[in-house]
2 protein chains.
Amino acid sequence: MDNTTAQCPNHHPKRDYSHCSNCRLSGICLPLALEVSDIERLDSIVQRGKPLQRGEVLYRAGDPFTAIYAIRSGAVKTSHSDREGQEQITGFHLPGEVIGLDGPANNRYRNTAIALQTTSVCAIPFPELETLSRQVPGLQRNLLQLLSREITTEQRQFGLLGHANADGRVAALLLSFSVRHERHKLSPSEFTLPMARGDIANFLGLTLETVSRVFTRLQKQNVIHAKGKDIDIRDLDALRQLAHNPEDL
Amino acid sequence: MDNTTAQCPNHHPKRDYSHCSNCRLSGICLPLALEVSDIERLDSIVQRGKPLQRGEVLYRAGDPFTAIYAIRSGAVKTSHSDREGQEQITGFHLPGEVIGLDGPANNRYRNTAIALQTTSVCAIPFPELETLSRQVPGLQRNLLQLLSREITTEQRQFGLLGHANADGRVAALLLSFSVRHERHKLSPSEFTLPMARGDIANFLGLTLETVSRVFTRLQKQNVIHAKGKDIDIRDLDALRQLAHNPEDL
DNA sequence: CGCCCAGTTGAAGAATTTCAAACGATGTGG
DNA sequence: CCACATCGTTTGAAATTCTTCAACTGGGCG
């Protein structure tokens with residue numbers, strides 16, 4: 001029902017963000033550092049559908065792998081489940097981030113991606129992207145970087161679960177959101193988490209109750225102020241110290 | 001001091017494995033499913049150095065990223081440390097596996113790779129590989145698959161730390177080695193672990209003592225027989241059940 | 001022989017989970 | 001408009017798992 005311009009963020013309804021070349025996210029997304037003419041070629045294969053509502057599935061584990069997705073607005077969680085049906089959330093993804101990179105491994109998505117809010121994405125069909133990236137070296141580089149960065153991100157999280165206690169894990173998560181918000185020139189200290197406590201707990205390998213207790217504890221120590229999903233970071237250094245934070249997030 | 005043929009596995013000293021085209025690992029390594037002529041092109045950029053001794057560093061976190069490495073024989077651990085100097089082992093790598101894929105993210109290795117035994121590797125210079133993979137679509141595909149597979153592997157481990165108890169984590173590790181040995185037509189039930197208990201503990205986010213206790217416990221239950229690093233899996237199903245194992249490893 | 005290292009074992013302690021109850025916001029039907 | 005059910009969250013107390021600290025074992029090597 002919508003035309004392409006309808007996917008623009010609600011608060012800027014008049015501007016046309018429906019092309020990579022004028023997308024506000026081009027600085028952190030796949031087109032990064034490409035020439036204008038190359039961005040246009042990339043743009044020509046990108047597909048923009050209508051926004052997903054909260055809870056809608058973008059792709060499901062086991063689906064044939066067709067495209068990777070750049071998030072334009074909103075938030076997405078990715079998860080996979082073992083055969084006992086036990087769900088493990090593998091990540092929370094914000095605008096400018098690309099998901100579906102688990103697909104090329106065996107031509108099926110390994111994860112399920114679900115919108116946490118109203119979310120709009122750019123679909124980048126993978127076969128086309130592969131072809132194009134053979135012709136555009138910078139794009140090939142960006143694609144490889146994207147995958148490699150995903151690897152290092154996972155490794156960091158892996159290290160977190162390996163060596164941090166409950167406080168450290170929650171602190172690291174909050175810091176991660178903080179710096180990702182800052183990247184968008186949003187406040188790094190005040191933001192709203194897109195997911196519920198249960199999702200945080202699942203992601204961090206803790207129970208819902210423990211996460212809740214950590215939030216109250218951090219609040220009593222005046223490190224953060226949290227009302228539900230609304231977070232206000234009061235003492236960034238304390239948070240960093242708790243998270244034992246390795247370089248960037 | 002060695003010529004190139006000297007990197008052949010010790011137990012087959014007469015055969016020439018110094019080219020991808022006759023490497024026994026080509027079925028699981030980067031050349032997988034490439035045409036003969038393409039394998040030869042790949043081969044022409046691959047560098048084979050002299051073997052590393054136990055404890056030697058292949059690359060160090062922070063080093064400029066120059067090449068990815070395919071392991072020919074031996075075993076390697078990769079790890080990274082946060083700024084407190086806390087080390088987190090991110091993986092144990094066996095022949096046929098490729099490491100260094102964390103490098104493209106920002107042109108530096110994020111991890112340190114250390115030989116756990118005498119180990120020989122093939123170095124594949126990355127700029128050359130990038131160029132070549134633009135010309136050989138199958139190679140481009142394999143490279144992307146390699147990275148993507150690394151992502152899914154990390155995610156599995158991530159899920160493990162998130163949702164498995166000490167027994168489950170150790171069981172999963174043993175199973176992982178079991179199937180990886182099987183891939184090489186080695187016994188999936190009897191093998192020698194290349195790393196010490198402390199490394200296992202670090203990798204699994206446990207203490208050395210807990211790992212040791214799990215080994216004794218599994219032994220008392222007749223699930224495994226373990227004498228130091230020598231493992232004999234007695235009850236594969238029990239192990240699988242403990243690990244709650246999601247699909248392949 | 002004696003030292004050292006890796007691994008094992010024990011007992012006490014701490015952190016997290018589990019079970020249970022209660023809360024506050026939100027929505028629904030009478 | 002109020003009673004009631006629901007959902008996400010918070011809080012408490014007991015149970016459990018894992019860690020910590022410490023002692024001990026056994027094999028390898030000078």
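To find a chain, count down the sequence lines: A is the first, B the second, and so on, and within it residues start at 1.
- Atom CE in A/M195 sits about 15 Å away from atom P in D/dG8, given to the nearest Å.
- Side-chain proximity of B/N165 to D/dC18, D/dT19, C/dT16: nearest is D/dC18.
- Protein atom CG of A/L208 is 10 Å distant from nucleotide atom C1' of D/dT10, rounded to whole Å.
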Inset, instruction - Walk me through it: do A/T119 and A/L58 pass the test side-chain contact (heavy atoms from CB on, under 4.5 Å)? - result: CA-CA 10 Å; A/T119 295; A/L58 182 53; over 6 Å; no

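- For DNA chain C, the residues of residues 217-231 of chain B within the heavy-atom distance limit of 4.0 Å (strictly under) are B/K229, sorted by number.
- The two residues A/I71 and A/L25 make their nearest non-hydrogen contact at O-CD1, 3.5 Å.
- A side-chain donor-acceptor contact under 3.5 Å links A/T78 and A/H93.
- Between C/dG7, D/dT11, C/dT17, one nucleotide has an atom nearer to the side chain of B/R197 than all others, and that is C/dG7.
- Between the side chains of A/Q155 and B/N111, at least one donor-acceptor pair of N or O atoms lies under 3.5 Å.
- Although no hydrogens or angles enter the test, the distance criterion places no donor-acceptor pair under 3.5 Å between the side chain of B/S178 and the main chain of B/L174.
- Looking only at side-chain heavy atoms (C-beta outward), B/R197 and B/F215 come within less than 4.5 Å of each other.
- Checked by distance alone, B/R213 brings no side-chain donor or acceptor within 3.5 Å of a matching partner on the base of C/dG7.
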